[in-house]
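Here's the structure, in structure tokens; my notes come after.
As a basis for the values below, the full set of heavy atoms in this structure was taken, side chains included, without hydrogen atoms, waters or symmetry mates. Protein chains get the first letters and strands the later ones, always in sequence-line order, with residue 1 at the start of each.
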Number of protein chains: 2
Amino acid sequence: MSKKHYHHGNLAEDILNRAVQIIDEGGLGALTLRGIARDLGVSHGAPNRHFKNKAALLSTLATYGWHKVLEATLRADNVDSLDPRLSLNAMGRGFLRWALHNPALFRTLHHPDVARFADDALIEAMRQFTQAISDAVAATQTIGNHPGVPLEILSIYINAVPFGAAMFLIDPFLTHYEQSEIQDMDEEILIEQLINLVVPLK
Amino acid sequence: MSKKHYHHGNLAEDILNRAVQIIDEGGLGALTLRGIARDLGVSHGAPNRHFKNKAALLSTLATYGWHKVLEATLRADNVDSLDPRLSLNAMGRGFLRWALHNPALFRTLHHPDVARFADDALIEAMRQFTQAISDAVAATQTIGNHPGVPLEILSIYINAVPFGAAMFLIDPFLTHYEQSEIQDMDEEILIEQLINLVVPLK
DNA sequence: ATGTAATGTAGTCACTGTCTACTTTGTATT
DNA sequence: AATACAAAGTAGACAGTGACTACATTACAT
């Protein structure tokens with residue numbers, strides 16, 4: 001970190017952290033390699049030693065994000081419950097909570113210009129996530145939930161709710177939308193009510 | 001269109017159409033004002049006469065998209081049904097069908113870098129859409145659907161399903177995902193099964 | 001200790017968005 | 001019909017960006 005050293009130390013990680021901050025503050029459009037380099041007090045070409053190009057940086061960021069969101073989804077309270085419904089409900093809450101707390105990373109996850117240049121690591125991270133959701137959904141089907149619905153379709157449905165809800169809730173549009181009562185709501189209650197709609201605990 | 005004329009005719013509209021094509025082909029990252037100008041055989045500064053800047057072009061595109069998706073949502077078969085559930089179900093199908101057929105425009109709708117610089121027209125278009133959904137959801141509540149759930153939360157839930165599902169289904173990631181049976185499915189059946197999950201016709 | 005690979009620097013290039021001054025053309029007014 | 005004016009397009013310039021190159025510094029394995 002000290003400016004006296006020629007070598008930076010762990011520039012790659014600092015670049016990623018700074019990238020998350022910038023996206024949080026100004027969106028993906030505000031992200032520039034040269035801007036990051038300036039912020040870290042390093043020459044404009046330095047980031048190229050750690051990321052082949054801008055797409056590679058975004059891809060790394062998205063891969064990191066998928067790992068994080070999977071972790072948040074699987075480590076939430078009650079995920080380990082023996083009741084598949086309670087477990088899946090907990091996963092949904094963990095997912096939505098993480099998305100609301102990490103809007104910048106969340107937005108990179110499904111960003112089309114990121115997925116378009118996805119490398120193998122990113123594809124594998126995405127696959128792991130969808131697999132985890134699919135497994136949990138399959139478990140609820142074994143106890144009678146939504147019988148007859150193809151697993152892949154049911155998984156899309158279950159996944160779409162926290163994803164679509166988060167997309168809407170972190171949309172800058174909401175800021176312009178005055179009548180909303182949601183901004184005053186307790187976050188946990190909001191999460192609970194939304195997830196209970198898609199995975200009822202009856 | 002003839003190259004012999006100094007004035008182009010209706011350049012603004014042609015710019016928008018070409019922009020949609022470019023986003024369809026190469027994503028939002030492939031969209032450049034100069035590229036559009038080249039494609040239309042016009043000087044690089046010409047688009048500035050019709051759009052103050054790139055953000056204004058994207059904003060116009062998004063506004064147009066919101067109008068289109070609202071139209072597709074409200075004009076689908078059975079939307080006029082007297083049964084609020086059947087009507088809302090039809091709206092969901094109309095929405096999802098449109099999104100799958102217009103991935104480029106759909107992606108601009110909630111693109112954070114677009115909403116961030118939203119002008120009044122865009123905000124109003126968004127508001128009209130959410131209002132239409134909210135009204136239809138409220139109608140289903142009057143006949144006993146999801147009693148006790150706050151309307152705004154229920155609306156987010158209802159909206160999240162076709163939105164999140166479309167987001168996933170048009171994700172370039174799916175291309176890398178071999179085991180998927182979804183790509184071989186009939187689109188209408190896919191739409192029907194997904195929407196029936198969130199708005200059951202019992 | 002030393003040489004080699006990793007890491008950072010400085011310079012350059014094409015491309016982009018945006019601005020300005022200028023040119024051409026459609027149209028309303030007389 | 002002539003003409004003035006606004007709308008629309010052109011050409012040139014500028015700074016910022018991503019990416020590449022050649023070069024400098026440093027860490028580390030041998």
Task: Five-pair end axes of the helix from dA1(C)-dT30(D) to dT30(C)-dA1(D) and the angle they enclose, rounded to 10° - done: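 For the helix from dA1(C)-dT30(D) to dT30(C)-dA1(D), the axes at either end differ by 10°.
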Would a distance-only check, ignoring hydrogens and angles, find a side-chain to backbone donor-acceptor pair under 3.5 Å from [X] to [Y]?
| X | Y | answer |
| --- | --- | --- |
| N78(B) | A90(B) | no |
| K54(B) | L31(B) | yes |
| N53(B) | A56(B) | yes |

In this structure, how many angstroms lie between the [atom2] atom of [N] and the [atom1] atom of [X], rounded?
| X | N | atom1 | atom2 | result |
| --- | --- | --- | --- | --- |
| I15(B) | dG17(C) | CD1 | C1' | 14 Å |
| R34(B) | dA13(D) | CZ | P | 13 Å |
| D113(A) | dG18(D) | CG | P | 14 Å |
| I36(B) | dC15(C) | CD1 | C1' | 15 Å |

Task: Interface with DNA chain D, restricted to residues 48-60 of chain A and to heavy atoms under 4.0 Å - done: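 Those residues whose heavy atoms fall under 4.0 Å from DNA chain D, taken from residues 48-60 of chain A in numerical order, are R49(A), N53(A), K54(A).
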- [ ] Would you jot down, in residue-number order, the residues of residues 24-33 of chain B having a non-hydrogen atom under 4.0 Å from DNA chain D?
- [x] none
Open item on the list: For F163(A) and F106(A), I'd like to know if the aromatic rings sit close, meaning centre-to-centre distance below 6.0 Å.
Closed with: yes
- [ ] Could you please name the option among dG18(D), dG8(C), dG9(D) that lies closest to any side-chain atom of A46(B)?
- [x] dG9(D)
TODO: Check whether any side-chain nitrogen or oxygen of R38(B) sits under 4.0 Å from OP1 or OP2 of dT16(C), and answer yes or no.
DONE: yes
Task: Pair N89(A), R93(A): side-chain N/O donor-acceptor within cut-off below 3.5 Å - done: yes
- [ ] Can you label the angle between the W66(B) ring and the F129(B) ring as parallel, tilted or perpendicular, going by 30° and 60°?
- [x] tilted
Task: CA sep, side-chain torsions, deciding dist, call: E188(B), R97(B), salt bridge (Lys or Arg N to Asp or Glu O under 4.0 Å) - done: CA-CA 8 Å; E188(B) 276 305 314; R97(B) 190 180 301 115; 2.6 Å; yes
Task: Exercise: identify the closest heavy-atom pair between A160(A) and V161(B) - done: CB-O, 3.6 Å
Task: Y157(B) side chain near Q193(A) side chain, heavy-atom distance below 4.5 Å - done: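 The answer is no, as the side chains (C-beta and beyond) never meet within the 4.5 Å cut-off.
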Task: Side-chain heavy atoms of L57(B) within contact of L16(B), under 4.5 Å - done: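 A side-chain contact exists here, since the closest heavy-atom pair is under 4.5 Å.
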- [ ] Establish whether the base of dG11(C) is bridged to the side chain of H44(A) by a donor-acceptor pair shorter than 3.5 Å.
- [x]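 Check passes, donor-acceptor contact within cut-off.
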TODO: Report the C-alpha distance between E25(B) and Q21(B) in whole Å, list the side-chain angles of each, state the deciding distance to 0.1 Å, and finish with yes or no for side chain to side chain donor-acceptor pair (under 3.5 Å).
DONE: CA-CA 6 Å; E25(B) 295 163 5; Q21(B) 287 177 16; over 6 Å; no
